[in-house]
Colleague: 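Dropping a structure here in structure tokens format, bear with me for questions.
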There are 2 protein chains.
Amino acid sequence: MNDPTTPSADFDLQTFLPYLLNQAAEATSQSFQATYRTAYGMNRTEWRVVANLGKFGTLSASDICRIAHVEKTKVSRAVLALEQRGWLRREALENDRRRENLTLSTAGQAIFADVGQKAIAFDRRLRARLGVAAAEEFTRALRLLAAEDP
Amino acid sequence: MNDPTTPSADFDLQTFLPYLLNQAAEATSQSFQATYRTAYGMNRTEWRVVANLGKFGTLSASDICRIAHVEKTKVSRAVLALEQRGWLRREALENDRRRENLTLSTAGQAIFADVGQKAIAFDRRLRARLGVAAAEEFTRALRLLAAEDP
DNA sequence: TCTATATAGTTACAAGCGTAACGGTTGCGA
DNA sequence: TCGCAACCGTTACGCTTGTAACTATATAGA
């Protein structure tokens, strides 16, 4: 296999894991994005902010950066957009005036409940397509590859 | 952490397949991108064009669109950039003057060989991390999810 | 205390992107 | 044959993004 005198096999993009991962990620994200885009005009980052605030209740912007692995400038802009539409409230912290607590408004919670339910259904369909057991193994592999180090 | 008032059926981004796919795709693509970016100043689309021309020899721009699932405007810009750096040649077709054949120059082929070898090594490391057998199953799942329909 | 280093979040600017329109070409059907 | 639709590739425009700088606050060390 690794005879140094013979040229090694040519590279094939179609079997390259990063490429395949991108294709699958694009296809599924693109497909689900209609759910929050057409109904609420949110982009992906805004939806992720809503999803994390919906789950954790209250977070700071930098918390969201860490948890969801999103750039802080993206979070900053998403928070502004969500606030302007009345889906999110900011609250200053007395003990550290650099940060602010973010919380979904009632309207924001309703949106989280709506899109969240559809996300659960969407996820269930994807897992059914893979087979429920295989989906578990698949998820483990994704987490392994997503781990920072390489 | 968890708001005790939220019901347990709430959506959790951390188990959502499109999210996990994005994380894994971003992590691996980002990690490998250093290989072609620092050495040759290519972006992802340019690298994909090189990879496909390296494999197939000669293609038209629209061929690349179909094969690599890239927007035609991105391909157009990538081809221009690669041509200006002398890594790719265009050739008019007599029987259809709308299209042009694209081929890597000698320099382009050398780049393909270099980056391609590193890609193969990178891919091998990823698959080793998953376990070679598991990686096969993983690849099948990715192809299934990347299929257009949902 | 005073300095300097780190952090939180915002903003400016340039680069990248997708949508839509465009010019040029081909092929099909009336 | 003409006319019209489909196609290839490029360009124009506006929106999104990342990098780097910035303000403001907090913390650690001399």
Side-chain angles (χ1 to χ4, degrees), chain A residues 22-23 25-27 29-31 33-34 36-38 40-49 52-53 56 58-85 88-103, chain B residues 22-23 25-27 29-31 33-34 36-38 40-49 52-53 56 58-85 88-103:
Chain A
N22 261 305
Q23 296 297 110
E26 269 315 298
S29 288
Q30 203 78 351
S31 167
Q33 127 177 322
Y36 52 80
R37 178 164 301 230
T38 66
Y40 302 105
M42 285 192 286
N43 66 26
R44 197 180 298 177
T45 306
E46 286 159 24
W47 155 236
R48 285 196 188 169
V49 169
N52 278 290
L53 290 177
F56 293 109
T58 294
L59 295 169
S60 74
S62 58
D63 290 336
I64 297 178
C65 292
R66 272 188 299 275
I67 295 169
H69 300 98
V70 184
E71 297 278 325
K72 65 179 180 174
T73 60
K74 273 210 258 184
V75 171
S76 175
R77 291 188 261 247
V79 166
L80 178 65
L82 294 171
E83 185 192 28
Q84 287 175 340
R85 280 177 266 183
L88 166 155
R89 287 191 318 272
R90 313 164 104 118
E91 188 187 1
L93 282 180
E94 309 93 29
N95 55 333
D96 188 343
R97 275 181 299 173
R98 292 173 303 182
R99 355 182 47 163
E100 35 192 17
N101 274 347
L102 307 172
T103 314
Chain B
N22 260 304
Q23 296 298 112
E26 269 315 298
S29 288
Q30 204 77 352
S31 168
Q33 129 176 322
Y36 51 79
R37 178 162 302 228
T38 67
Y40 302 105
M42 284 193 286
N43 66 25
R44 196 179 298 176
T45 305
E46 286 157 26
W47 155 237
R48 286 195 188 170
V49 169
N52 277 290
L53 291 178
F56 293 107
T58 294
L59 296 169
S60 73
S62 59
D63 289 337
I64 297 178
C65 291
R66 270 189 301 275
I67 295 170
H69 300 98
V70 184
E71 297 279 326
K72 65 178 181 174
T73 60
K74 274 211 259 185
V75 171
S76 175
R77 288 169 185 136
V79 166
L80 178 65
L82 293 170
E83 185 191 28
Q84 286 176 341
R85 280 177 266 182
L88 166 153
R89 288 192 318 273
R90 313 164 103 117
E91 188 186 1
L93 283 180
E94 309 93 28
N95 55 333
D96 186 344
R97 276 181 297 173
R98 291 172 302 182
R99 358 181 45 162
E100 36 192 17
N101 273 347
L102 307 172
T103 314

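Letters A, B, ... mirror the listed sequences (proteins, then strands); counts begin at 1.
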Colleague: Would you classify A/R90 as touching base, sugar-phosphate or nothing, given that sugar-phosphate means primed atoms plus P, OP1 and OP2, and contacts are heavy atoms under 4.0 Å?
Modeller: sugar-phosphate
Colleague: Between B/R98 and B/R44, who's closer to the 5' end of DNA chain C by nearest nucleotide?
Modeller: B/R44
Colleague: Are A/N43 and A/R77 close enough that some pair of their side-chain heavy atoms sits under 4.5 Å apart?
Modeller: no
Colleague: Nearest-nucleotide wise, let me know which of B/L80 and A/L93 is further upstream toward the 5' end of DNA chain D.
Modeller: B/L80
Colleague: Can you check whether A/S76 has a side-chain N or O nearer than 4.0 Å to OP1 or OP2 of C/dT10?
Modeller: yes
Colleague: Would you give the length of the straight line joining atom CD of A/E100 to atom CZ of A/R89, rounded to the nearest 0.5 angstrom?
Modeller: 13.0 Å
Colleague: Roughly how far, to the nearest 0.5 Å, is the OG1 atom of B/T103 from the CZ atom of B/F56?
Modeller: 14.0 Å
Colleague: Nearest whole angstrom, please: distance from the P of D/dC15 to the CZ of A/R37.
Modeller: 13 Å
Colleague: Just the rounded figure in Å: distance from C1' of C/dT25 to CG of B/N95.
Modeller: 12 Å
Colleague: Over how many whole Å does the gap from B/K74 atom NZ to D/dT11 atom P extend?
Modeller: 18 Å
Colleague: For the base of C/dG18, is there a side-chain donor-acceptor partner from B/R77 under 3.5 Å away?
Modeller: yes
Colleague: Taking CZ from B/R48 and P from C/dC17, how many angstroms apart are they, rounded to a whole number?
Modeller: 11 Å
Colleague: Please classify the nucleic acid contact of B/S62 as base, sugar-phosphate, or nothing, using heavy-atom distances under 4.0 Å.
Modeller: sugar-phosphate
Colleague: Give the rounded distance in Å between these two atoms: CG of A/L88 and P of C/dG9.
Modeller: 12 Å
Colleague: Has the side chain of A/R85 got a donor or acceptor atom that lies under 3.5 Å from a matching backbone atom of A/Y40?
Modeller: yes
Colleague: Rounded to the nearest angstrom, tell me the gap between atom CD in B/E94 and atom C1' in C/dT25.
Modeller: 15 Å
Colleague: Could you state the CD-P distance from A/E71 to C/dG16, rounded to the nearest angstrom?
Modeller: 16 Å
Colleague: From NZ of B/K72 over to P of C/dT19, roughly how many Å is that when rounded to an integer?
Modeller: 12 Å
Colleague: Any side-chain heavy atom of B/D63 sitting closer than 4.5 Å to one from B/R99?
Modeller: yes
